[in-house]
Amino acid sequence: MAKQNDRPTLATVAARAGVSIKTASRVLNGEKHVAASTAEKVEAAAEELGFRLNPTARRLRAGGRSPYIGVVLSAAGDAFQARAFAAVEAELATLDLRPVVTVVGDDPDREEAFLDECLANDLTGLIVIRAHPEAAETYARAASAPGTRIVSLDPAVEGPGISIVAGDDREAGRLAAEQLLAHGHMALGVIGDHSPSLITTRRLQGIQDAIAGRRGVGWRAYMREDAHDEASAKNVVAAWLGSRSAPGALITLSATVTQGAIDACRRLGEWPALVGIDDFPTAELLDVTVVDRNVGSLAAEAVRRLRVGVEPSVAGEGGDRLGEGDGPFAGEANRRDRVDDGVPDFDNALCVIARGSGEEPPDTR
């Protein structure tokens, strides 16, 4: 028997069965023209030693690519990212592909190291759900490597060789503001993270679009750098609601901030009207109105773009095309299917899910 800490190899199986390594390989790979008695000896030796073929290594030796897809999240606790990852994982499973995940947090160096490792191990592709704001150039360099496929749900990660599958964040901000304006609110508080996030910037632009041209509407932006998780968002909202100038309605720019705001409202017994952007698991239970998108459709489109293999873009024209390549997606790529990223053909619509918190008029506070 092999020692407990020894990992059996094809050579040890061959030695135990008394055959050559080539013969052992032919038996364990299911090839024909091997005597039945020889095959039985090799199979018995493999079972006794606990030897298992590495399907990934076999695929790579045959000229294929890894069955693994790198997936990048910036925060595992963020409701949108958790939902998106679950949907991506389910879509990958239908193609017998598996995600390798990293959560980068506030460490762009970890993100860069993960990308380097993915490239070194010839992963079939990368799906970026959310990246660190400082990591965009890292992805641009990774996308320049031959055969690299990157699809991003984060609009800030863009460039030649990167395909973007993202919701319309400007429209999300506009819908949130219009929901409150339609119910008579004239003083809107906007709660978010004062980061260089393109998502945050676009959502703010949408709020401004909704307010533009309306007389008498005031709005404030609490864009604090420390309002990036539930605890800090709760503190920001609690301080605001405790002030004399607290607005009667709030717009929260992410599910995480919404959850922190709800906690502050519950603790203080103050319930201004509220519309959050992005749904979260307990929103229905808490009657929270949200603007949401079809996360399952985004995930399906992201995996489809990895699978199809879209022709490369010309440098300087926006970088929304994937390269063709080989591997598990090659059959479909060779059919020369194409995707026009500028005209999405998937369910990218946003909707307001009215549950009560965004429909209260000002006089019911």
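Values below: all heavy atoms of this structure, side chains included; hydrogens, waters and symmetry mates excluded. Not measured: the values here are computed from a predicted model.
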Self-check item: Listed partners of Asp109 passing salt bridge (charged side-chain N to carboxylate O under 4.0 Å, His left out), at least two apart
Solution: none

Quiz prompt | Close side-chain approach of Leu188 and Ile211, heavy atoms under 4.5 Å | solution = yes

Quiz prompt | Exercise: identify the closest heavy-atom pair between Ala354 and Gln179 | solution = CB-NE2, 4.2 Å

Quiz item: Would a 4.5 Å heavy-atom cut-off, applied to side chains only, mark Arg130 and Val72 as touching?
Solution: no

Exercise. Can you sort out the partners of Asp279 under salt bridge (charged side-chain N to carboxylate O under 4.0 Å, His left out), two or more places apart, ordered by chain and number?
Key: Arg355

Self-check item: Main-chain N/O of Leu285 paired to Thr282 side chain as donor or acceptor, under 3.5 Å
Solution: no

Self-check item: Flag side-chain contact, heavy atom, 4.5 Å: Phe280 against Thr256
Solution: no

Quiz prompt | Pair Tyr139, Glu158: side-chain N/O donor-acceptor within cut-off below 3.5 Å | solution = no

Quiz item: Which atom pair, heavy atoms only, marks the closest approach of Ala131 to Val157?
Solution: CB-CG2, 3.6 Å

Quiz prompt | side chain to side chain donor-acceptor pair (under 3.5 Å) involving Arg83 - partner list, sequence neighbours excluded | solution = Asp292

Quiz prompt | Between Asp229 and Ser232: side-chain donor-acceptor atoms closer than 3.5 Å | solution = yes

Self-check item: Smallest separation among heavy atoms of Leu306 and Gly125, with atom names
Solution: CD2-CA, 4.3 Å

Quiz prompt | Under 3.5 Å donor-acceptor, Arg26 side chain and Ala39 backbone | solution = no

Quiz item: Partners of Ser152 by side chain to side chain donor-acceptor pair (under 3.5 Å), sequence neighbours excluded?
Solution: none

Exercise. Would you check if there is a donor-acceptor pair between the side chains of Ser357 and Asp287 at a distance under 3.5 Å?
Key: no

Exercise. Could you pull out all residues at least two apart from Glu178 that satisfy side chain to side chain contact (heavy atoms under 4.5 Å, CB included)?
Key: Arg174, Ala210

Quiz item: Is there a side-chain contact between Val237 and Leu250 (heavy atoms, below 4.5 Å)?
Solution: yes

Self-check item: Reported CD-to-CG distance for the pair Glu301 and Leu298, which is rounded to 0.5 angstrom
Solution: 9.0 Å

Quiz item: Does Leu126 reach the side chain of Cys118, with side-chain heavy atoms less than 4.5 Å apart?
Solution: yes

Practice problem: Go through the structure and list residues passing side chain to side chain contact (heavy atoms under 4.5 Å, CB included) with Thr138, not counting sequence neighbours. | Solution: Glu112, Leu115, Arg141

Quiz prompt | Sequence-distant partners of Asp154, salt bridge (charged side-chain N to carboxylate O under 4.0 Å, His left out), two or more places apart | solution = none

Practice problem: Kindly say whether His132 contributes a backbone atom to a donor-acceptor pair with the side chain of Glu111 at under 3.5 angstrom? | Solution: yes

Quiz prompt | Test log, rule side chain to side chain contact (heavy atoms under 4.5 Å, CB included), inputs Ile207 and Leu253 | solution = CA-CA 10 Å; Ile207 293 169; Leu253 299 185; 3.9 Å; yes

Quiz item: Does Val128 reach the side chain of Ile162, with side-chain heavy atoms less than 4.5 Å apart?
Solution: no

Mind listing the side-chain donor-acceptor pairs of residues 258-266 below 3.5 Å, one per line with the distance, residues two or more places apart or on another chain?
{"unit_1": "Thr258", "atom_1": "OG1", "unit_2": "Thr252", "atom_2": "OG1", "d": "2.5"}
{"unit_1": "Thr258", "atom_1": "OG1", "unit_2": "Ser254", "atom_2": "O", "d": "2.8"}
{"unit_1": "Asp263", "atom_1": "OD1", "unit_2": "Arg267", "atom_2": "NE", "d": "3.2"}

Quiz item: With side chains defined as the heavy atoms from C-beta onward, is the minimum distance between Val275 and Val290 less than 4.5 Å?
Solution: no

Quiz item: Side chains of Arg98 and Ile69: does their closest heavy-atom pair fall under 4.5 Å?
Solution: no

Practice problem: Please check if the side chain of His185 supplies one atom and the backbone of Glu360 the other of a donor-acceptor pair under 3.5 Å. | Solution: yes

Quiz item: Do Leu181 and Ile277 share a hydrophobic cluster (ILVMFWY, side-chain heavy atoms under 4.5 Å, transitive)?
Solution: yes

Quiz item: Hey, is the main chain of Asn294 close enough, under 3.5 Å, to the side chain of Ser297 for a donor-acceptor pair?
Solution: no

Quiz item: Has the side chain of Glu91 got a donor or acceptor atom that lies under 3.5 Å from a matching backbone atom of Val303?
Solution: no

Exercise. Let me see the working for Thr289 and Glu359 under side-chain hydrogen bond (donor to acceptor under 3.5 Å, both in side chains), right down to the final yes or no.
Key: CA-CA 8 Å; Thr289 295; Glu359 293 67 56; 2.8 Å; yes

Quiz prompt | Set of side chain to side chain contact (heavy atoms under 4.5 Å, CB included) partners for Pro155, sequence neighbours left out | solution = Ala166, Asp169, Leu198, Ile199, Arg202

Quiz item: Considering residues at least two apart in sequence or located in another chain, which fulfil the side chain to side chain donor-acceptor pair (under 3.5 Å) criterion with Asp168?
Solution: none

Quiz item: Got a sec, which pairs hit side chain to side chain donor-acceptor pair (under 3.5 Å) with one end in residues 205-214, sequence neighbours left out?
Solution: Arg170-Asp209

Self-check item: Ile127, Val101, Leu153, Val103 screened by side chain to side chain contact (heavy atoms under 4.5 Å, CB included) with Phe85, the one that passes
Solution: Val101

Self-check item: Closest heavy-atom pair and its distance - Pro272, Ala249
Solution: CB-N, 4.3 Å

Exercise. Decide whether Leu119 and Val104 are clustered together by the hydrophobic rule: side chain heavy atoms of Ile, Leu, Val, Met, Phe, Trp, Tyr closer than 4.5 Å, transitively.
Key: no

Quiz item: Residues in side chain to side chain contact (heavy atoms under 4.5 Å, CB included) with Ser144, at least two apart?
Solution: none

Quiz item: Would Leu10 and Ser25 satisfy side chain to side chain contact (heavy atoms under 4.5 Å, CB included), going step by step from the backbone distance to the final call?
Solution: CA-CA 7 Å; Leu10 188 60; Ser25 175; 3.7 Å; yes

